[in-house]
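Positions are given from 1, in the same order as the sequence printed here.
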Amino acid sequence: MINKVKNALKVKLENLYPNYNIYLEDKPISEIVKPALRIKVEEKTAYNQRDIIKQNVKLDIVGYLDDSNKNEKYWDISDKLDEELGYLEIENTLIRIGERISEITEDTLHYRFSIQLKTLKPKDAVDSIIKGINKNVEFK
């Protein structure tokens, strides 16, 4: 599911910034051609809740520019992402984007945010849970 999120985010960024190179985290930094935005997963935690797997994913959109006024452009990018990234659409489902934080460090923009994903456990696992529950239930 995380790959679907990254790919949906990549498509969104390509539409917002058609003149930028958009990369996923598997691209080495040494091969990035500026201007560029790179999507990275910073942290992923998952836990089970009954028949649902919940994942909290923290992502970072990293901006790379060579312009002399790049800090101003970084803040423009940050403002535009704030406006455009309230939700991300994946397979006709809107996923709300959580708290967003922007900072510029070492001449790079970091636009960090988190999303929460919920996935049903595989059908076989759910069926066995239901069968286990039904064994203990008597109907009168």
Side-chain angles (χ1 to χ4, degrees):
M1 183 65 156
I2 291 175
N3 286 334
K4 289 180 184 179
V5 169
K6 290 191 308 186
N7 287 324
L9 192 54
K10 183 179 181 191
V11 168
K12 181 112 177 168
L13 291 175
E14 288 170 341
N15 290 329
L16 291 173
Y17 298 98
N19 297 326
Y20 283 56
N21 297 299
I22 310 298
Y23 299 102
L24 298 178
E25 63 192 329
D26 55 353
K27 185 77 163 179
I29 293 174
S30 60
E31 295 179 20
I32 290 178
V33 178
K34 298 175 184 176
L37 297 171
R38 184 173 180 233
I39 303 162
K40 287 178 40 181
V41 175
E42 288 198 321
E43 183 180 332
K44 179 187 116 175
T45 54
Y47 56 96
N48 294 329
Q49 188 177 31
R50 296 188 184 178
D51 59 343
I52 297 175
I53 299 170
K54 291 186 177 183
Q55 294 179 332
N56 190 25
V57 183
K58 293 183 180 180
L59 294 134
D60 186 7
I61 298 174
V62 186
Y64 303 94
L65 297 177
D66 263 341
D67 297 337
S68 58
N69 60 345
K70 63 181 147 194
N71 282 355
E72 183 179 323
K73 287 189 176 182
Y74 282 149
W75 290 121
D76 288 342
I77 291 169
S78 174
D79 289 343
K80 189 169 187 175
L81 292 175
D82 280 343
E83 292 171 14
E84 299 290 334
L85 283 183
Y87 292 89
L88 188 61
E89 185 174 343
I90 300 171
E91 296 177 345
N92 297 320
T93 301
L94 292 178
I95 297 174
R96 190 172 77 79
I97 293 179
E99 181 181 4
R100 294 164 271 178
I101 299 169
S102 298
E103 65 180 341
I104 299 171
T105 57
E106 299 177 19
D107 290 331
T108 343
L109 169 69
H110 290 274
Y111 186 87
R112 294 182 173 101
F113 59 94
S114 61
I115 59 171
Q116 190 173 71
L117 304 171
K118 297 177 184 177
T119 310
L120 286 175
K121 288 183 183 176
K123 184 179 179 336
D124 295 340
V126 174
D127 286 346
S128 67
I129 291 169
I130 291 171
K131 286 177 185 174
I133 292 170
N134 286 340
K135 286 180 183 178
N136 299 322
V137 176
E138 290 184 30
F139 295 98
K140 295 182 181 186

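Side-chain contact between Asp82 and Tyr111 is present, with heavy atoms from C-beta onward closer than 4.5 Å. Taking the side chain as every heavy atom from C-beta outward, Thr108 and His110 approach each other to under 4.5 Å. Within the 4.5 Å cutoff, the side chain of Leu24 has heavy atoms near those of the Asn7 side chain. For the pair Leu16/Lys80, a side-chain contact is recorded, criterion being any heavy-atom separation below 4.5 Å from C-beta on.
If you take CD1 on Ile104 and CD on Glu72, they are separated by 10.5 Å, rounding to the nearest 0.5 Å. Here the straight-line distance linking atom CD of Gln116 with atom OG1 of Thr45 works out to 8.5 Å at 0.5 Å rounding. We find the CG-CD distance between Leu109 and Glu103 to be 9.0 Å, quoted to the nearest 0.5 Å. Annotation: the span from Ile115 atom CD1 to Ile95 atom CD1 amounts to 5.5 Å, rounded to 0.5 Å. The NZ atom of Lys10 sits 12.0 Å away from atom CG of Asn15, with the distance rounded to the nearest 0.5 Å. In this structure, CG in Leu117 is found 6.5 Å from CD1 in Ile2, a value given to the nearest 0.5 Å.
Residues Leu85 and Ile61 approach most closely at CD1-CD1, 4.0 Å, considering heavy atoms. What you find for Gly98 and Phe113 is that their closest heavy atoms are O-CB, 4.3 Å. Looking at every heavy atom in both residues, Val5 comes nearest to Leu88 through O-CD2, 3.8 Å. Contact detail for Ser114 and Asn56: the closest heavy-atom pair is CB-OD1, 4.0 Å.
Listed by chain and residue number, Tyr17 satisfy the ring pair (Phe, Tyr, Trp, His ring centres under 6.0 Å) test with Tyr20 (two or more places apart in sequence, or in another chain). Partners of Asp76 according to the salt bridge (Lys or Arg N to Asp or Glu O under 4.0 Å) rule, which considers only residues two or more places apart in sequence or in another chain, do not exist here. Residues passing the side-chain contact (heavy atoms from CB on, under 4.5 Å) test with Pro28 are Ser30, Glu31, sequence neighbours excluded.
Two different hydrophobic clusters hold Val11 and Ile97 under the rule that ILVMFWY side chains link at heavy-atom gaps under 4.5 Å. Both Val62 and Ile29 are members of a single hydrophobic cluster when ILVMFWY side chains are connected at heavy-atom separations under 4.5 Å. No single ILVMFWY cluster, assembled from side-chain heavy atoms under 4.5 Å apart, contains both Leu13 and Tyr23.
Listed by first and then second residue, the side chain to side chain donor-acceptor pair (under 3.5 Å) pairs that reach into residues 84-98 are Lys4-Glu91, sequence neighbours excluded. Sorted by first then second residue, the ring pair (Phe, Tyr, Trp, His ring centres under 6.0 Å) pairs that include residues 44-85, not counting sequence neighbours, number zero.
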Cut-off 3.5 Å, no hydrogens considered: what does the side-chain donor-acceptor table look like for residues 34-42, sequence neighbours left out?
residue, atom, partner, partner atom, Å
Lys34, NZ, Asp66, OD1, 3.3
Arg38, NE, Lys27, O, 3.3
Arg38, NH2, Glu25, O, 2.9
Arg38, NH2, Lys27, O, 3.1
Glu42, OE1, Arg112, NE, 3.2
Glu42, OE2, Arg112, NE, 3.0

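Within a 6.0 Å sphere centred on NZ of Lys12, other residues, nucleotides and ligands contribute more than 12 heavy atoms.
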